Amino acid sequence: MYYYIYHQDVRQQKFQKRLTALERKVNSLGLQGKNIYSNSYSSVDESLKKNLSETTESTLVVVGDDELFSKTLSVLASLSIKTTVGYIPFFKNTQISESLGINCGEDAIMTLARRRIEKIYIPQINDNIFFVSHLEAHCANLIATVNKKYSVKCESDSAKIRVANMPLSVLDKNTNSNINPRDMFLELVVTETSKKGALKLDVDTKISGFFSCENINIQATEQKTVIVDGFKEVQTPVNISSSHRQIRLIVGKSRMF
Amino acid sequence: MFKGQSNEPLIEIKDPETIIGPSMSVSGDFKGNGDVIVDGKVKGTLKTKKDIHVGEEAVISADIVAENALIAGSVTGKIVVKSKLEITSSANINGDVTAQSIDMEAGATINGTITMENPSKTKNESGDSATEKKKDD
């Protein structure tokens with residue numbers, strides 16, 4: 001049984017033509033199922049509980065953006081619902097879909113039909129928040145303790161610290177950085193950016209630190225905000241660890257892991 | 001025999017598991033399974049099952065254990081390398097060094113005892129005449 005959870009903006013009039021084409025393609029491949037419309041990100045939790053709790057084998061397809069995808073996976077991890085998850089990125093600039101090797105729009109339906117499946121681990125923060133791709137913060141005044149064995153500090157205030165479960169950017173792809181959500185390790189990545197070129201318009205990003213970890217504690221001399229999966233905010237101190245929760249994901253051939 | 005003759009380091013790291021960049025400082029008990037590149041500061045212990053590359057700007061106050069190592073920076077502590085140790089001219093080592101084979105450039109400073117272990121194996125595999133024990137100030 002297929003379930004489709006839609007981003008609230010997908011039903012806007014301006015996207016009607018695209019949505020119709022997408023649904024036509026879904027039907028032509030025999031992948032049609034029940035549609036779930038969440039009114040907001042906060043209602044994803046309730047929608048999934050209501051629709052999936054009694055289902056044993058199902059495929060849940062997220063139609064929308066990275067935020068809805070991440071929210072859906074973190075809810076599934078917390079509920080331990082057994083389902084395979086697909087992703088149809090409906091909007092542009094979806095980094096997670098790029099990492100999963102899924103193109104925007106109708107191409108994603110072909111990926112869905114091929115059902116190439118990878119199991120990924122969903123790590124957790126402070127034992128109660130699950131995340132999918134990464135969390136990020138500015139390095140200033142931060143100390144990260146890795147595996148309860150050693151601490152890492154960056155002396156550059158312009159640097160950013162990222163705890164990655166999934167490779168997201170071209171930077172990750174080109175550095176062979178071994179970020180892989182199929183393993184139980186998290187990667188602590190410190191990057192520094194500098195402006196280059198005559199007009200200083202181009203931004204050059206380089207990796208200053210890279211550590212493979214099982215758990216990480218991030219503390220700050222004064223409370224700081226950490227951004228989870230690009231949208232959720234949590235305050236320091238944070239304990240991040242790999243969990244045993246796995247989710248089956250439908251991925252594309254060109255995935256980054 | 002010496003790196004200076006070819007300009008190519010004997011120990012190269014292409015896909016490091018850990019990078020400690022120039023602006024990074026690490027303190028505590030670091031243990032890795034893969035290759036490590038250090039260009040920053042390290043205090044404590046630094047152990048890996050594979051190779052370590054200590055860059056010119058690196059400042060290490062730690063005992064180092066690795067399979068192979070290239071030292072170009074400053075190290076205060078014991079260095080134990082199971083196979084090859086390459087020491088460049090910019091290296092400044094304060095501590096005892098143990099390795100199966102050592103390749104050292106002129107200009108490097110070592111204050112400590114150099115011990116070369118398993119010389120027979122080294123001689124058979126690489127042809128290096130590594131059967132020596134010396135103290136170099």
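Keep in mind the model is a prediction, meaning the values are calculated, not measured. Chain naming here is simple, since letters A, B, ... match the order of the sequence lines and numbering starts at 1 in each.
Taking non-hydrogen atoms and a 4.5 Å limit, the residue list of residues 147-155 of chain A in contact with chain B, ordered by number, reads A/Lys149, A/Tyr150, A/Ser151, A/Val152, A/Lys153, A/Cys154, A/Glu155. Among residues 211-224 of chain A, the residues having any heavy atom closer than 4.5 Å to a heavy atom of chain B are, in sequence order, A/Phe211, A/Ser212.
Only the side chain of B/Lys41 comes within less than 4.5 Å of a heavy atom of chain A; its backbone N, CA, C and O stay farther away.
Each of A/Leu188, A/Val190, A/Ile143 has some count of heavy-atom pairs under 4.5 Å with chain B, and the biggest count is that of A/Val190.
Within a 6.0 Å sphere centred on CD of A/Gln246, heavy atoms belonging to other residues, nucleotides or ligands number more than 12.
Within the 4.5 Å cutoff, no side-chain heavy atoms of B/Val26 are placed close to those of A/Val146.
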